[in-house]
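Take a look at the structure set out below.
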There are 2 protein chains.
Amino acid sequence: MPENRPLGERTNFLLSQLGFHTAARFTERLADLGIHPSHFGLLMHLSQGEGRTQQQLAEALGIHRKVMVGLLDDLEQRGLAERRRHPADRRAHAIFLTDAARTLLPDAQARADAEEEDLLTGLDSAERRQLLGLLQRLAERTGNPRGVHPGLRRHPGR
Amino acid sequence: MPENRPLGERTNFLLSQLGFHTAARFTERLADLGIHPSHFGLLMHLSQGEGRTQQQLAEALGIHRKVMVGLLDDLEQRGLAERRRHPADRRAHAIFLTDAARTLLPDAQARADAEEEDLLTGLDSAERRQLLGLLQRLAERTGNPRGVHPGLRRHPGR
DNA sequence: GAGAAATTGTCGTGTACGGTAACAATCACC
DNA sequence: GGTGATTGTTACCGTACACGACAATTTCTC
């Protein structure tokens with residue numbers, strides 16, 4: 001295993017390169033919906049359970065409370081989420097999706113599918129299954145919760 | 001192919017997640033050498049041909065001239081590269097590695113190898129070959145030059 | 001129950017970074 | 001030999017993140 005392999009033959013480099021590339025492309029595809037991939041991740045998370053506090057959401061996504069404030073400001077201004085009074089804790093907000101969000105989310109998911117399809121062009125279905133399975137096994141070992149992106153910052157791509 | 005798959009079952013998401021994760025880990029491994037992955041990429045490129053101008057290097061790596069100024073400032077201050085007078089063009093600089101860089105580079109490469117080994121733990125050699133081959137085929141189609149990271153910014157991770 | 005400590009959401013403040021424009025020095029063209 | 005283009009650099013600006021601080025409210029403790 002020679003140490004001076006070129007970068008293009010290193011699995012970790014290729015992962016970083018491809019991951020950055022596909023994230024940037026996805027960011028572009030999402031742009032005219034008025035949201036970033038970080039908003040998409042939050043919407044996806046909300047679609048699996050509403051009414052949680054900002055703090056709970058921030059912990060689930062592995063980001064700081066303050067960042068959640070900004071994300072929810074964006075979503076609220078965009079008419080995709082709303083802060084309601086929390087029934088049990090008057091300090092906290094309970095976060096809910098709007099109908100507009102439930103309309104937009106399938107569209108955003110379709111764009112994610114389109115990006116994936118674009119990326120995987122050239123691989124047959126058996127190879128796609130192989131790749132997905134291998135990546136899932138690697139992802140298990142990273143320690144990141146499933147479906148939580150470690151780079152949930154404001155501008156993941158571009 | 002259902003549209004509302006969870007993120008953990010999407011190849012593009014997994015690539016982005018794993019790519020970000022391994023880049024962040026690599027950044028940490030490189031930290032006590034005093035360089036960032038972007039510096040590493042530039043050093044790797046320089047090791048395959050010295051004496052080029054900053055402009056040529058910037059184009060090869062797909063970044064703006066100004067960013068190259070900053071990267072070379074860092075490398076020069078760190079004693080890893082030097083700007084010499086260009087023999088044919090007195091506006092330009094010819095960029096060379098120092099002996100310190102030639103000593104440091106194998107160390108940095110070994111850290112990249114260690115990060116890769118860490119990432120791929122749990123995959124046997126056949127699976128590693130499969131994964132590498134599939135990723136290389138995907139990388140071909142992205143349009144990025146081989147071994148050039150599209151996210152060559154100052155702080156790729158963390 | 002009353003005060004102390006912790007929690008929730010928010011707001012400044014400072015700092016660092018990327019991108020645009022501008023600049024002096026030099027080259028290339030014709 | 002003079003005009004336009006190119007190289008490397010600096011200045012500027014807008015943005016975004018990290019840290020700390022803050023009021024309102026809850027929970028703990030006695």
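Labels below follow one simple rule: chain letters A, B, ... track the order of the sequence lines, proteins then strands, and each chain is numbered from 1.
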Could [X] and [Y] be called an ion pair, given the rule that one side-chain N must be under 4.0 Å from one carboxylate O?
X	Y	answer
R111(A)	D32(A)	yes
E117(B)	R128(B)	yes
R29(A)	D118(A)	yes
E127(B)	R137(A)	yes

Could you state the [atom1]-[atom2] distance from [X] to [N], rounded to the nearest angstrom?
X	N	atom1	atom2	value
R65(B)	dT20(C)	CZ	P	11 Å
H86(A)	dA24(D)	NE2	C1'	16 Å
L72(A)	dT8(C)	CG	P	15 Å
L71(B)	dA16(C)	CG	P	17 Å
H64(A)	dT10(C)	NE2	C1'	12 Å
M68(B)	dG8(D)	CE	C1'	12 Å

For this session: Taking all non-hydrogen atoms of both residues into account, name the closest pair between A108(B) and L30(B) and its distance.
Result: CB-CD1, 4.1 Å

For this session: Flag the pair F40(B) / F26(B) as yes when their ring centroid distance falls below 6.0 Å, and as no otherwise.
Result: yes

For this session: Look at all strands and tell whether H93(B) reaches a base, only sugar-phosphate, or nothing, counting heavy atoms closer than 4.0 Å.
Result: sugar-phosphate

For this session: Taking atom types as modelled, find out whether S16(A) and H149(B) have a side-chain donor-acceptor pair closer than 3.5 angstrom.
Result: yes

Exercise. Does the side chain of H21(A) come under 3.5 Å of the side chain of N144(B) through a donor N or O and an acceptor N or O?
Worked result: no

Problem set entry | Residues in contact with DNA chain C, drawn from residues 51-59 of chain A - heavy-atom cutoff 4.0 Å | T53(A), Q54(A), Q55(A)

Problem set entry | OP1 or OP2 of dT8(C) under 4.0 Å from side-chain N/O of R85(A) | no

Problem set entry | Check: E82(B) main-chain N/O paired with E76(B) side-chain donor or acceptor under 3.5 Å | no

For this session: Output yes when a side-chain donor or acceptor of H36(B) lies under 3.5 Å from a complementary backbone atom of S38(B), and no otherwise.
Result: no

Review item, nucleotides 11-14 of chain C N/O atoms under 3.5 Å of protein N/O:
unit_1, atom_1, unit_2, atom_2, d
dG12(C), O6, K66(A), NZ, 3.3

So which protein N/O to nucleotides 27-29 of chain C N/O distances come out below 3.5 Å?
unit_1, atom_1, unit_2, atom_2, d
dC27(C), OP1, R90(B), N, 3.1

Exercise. Is it true that atom CZ of R146(A) has more than 12 heavy atoms of other residues, nucleotides or ligands lying nearer than 6.0 Å?
Worked result: no

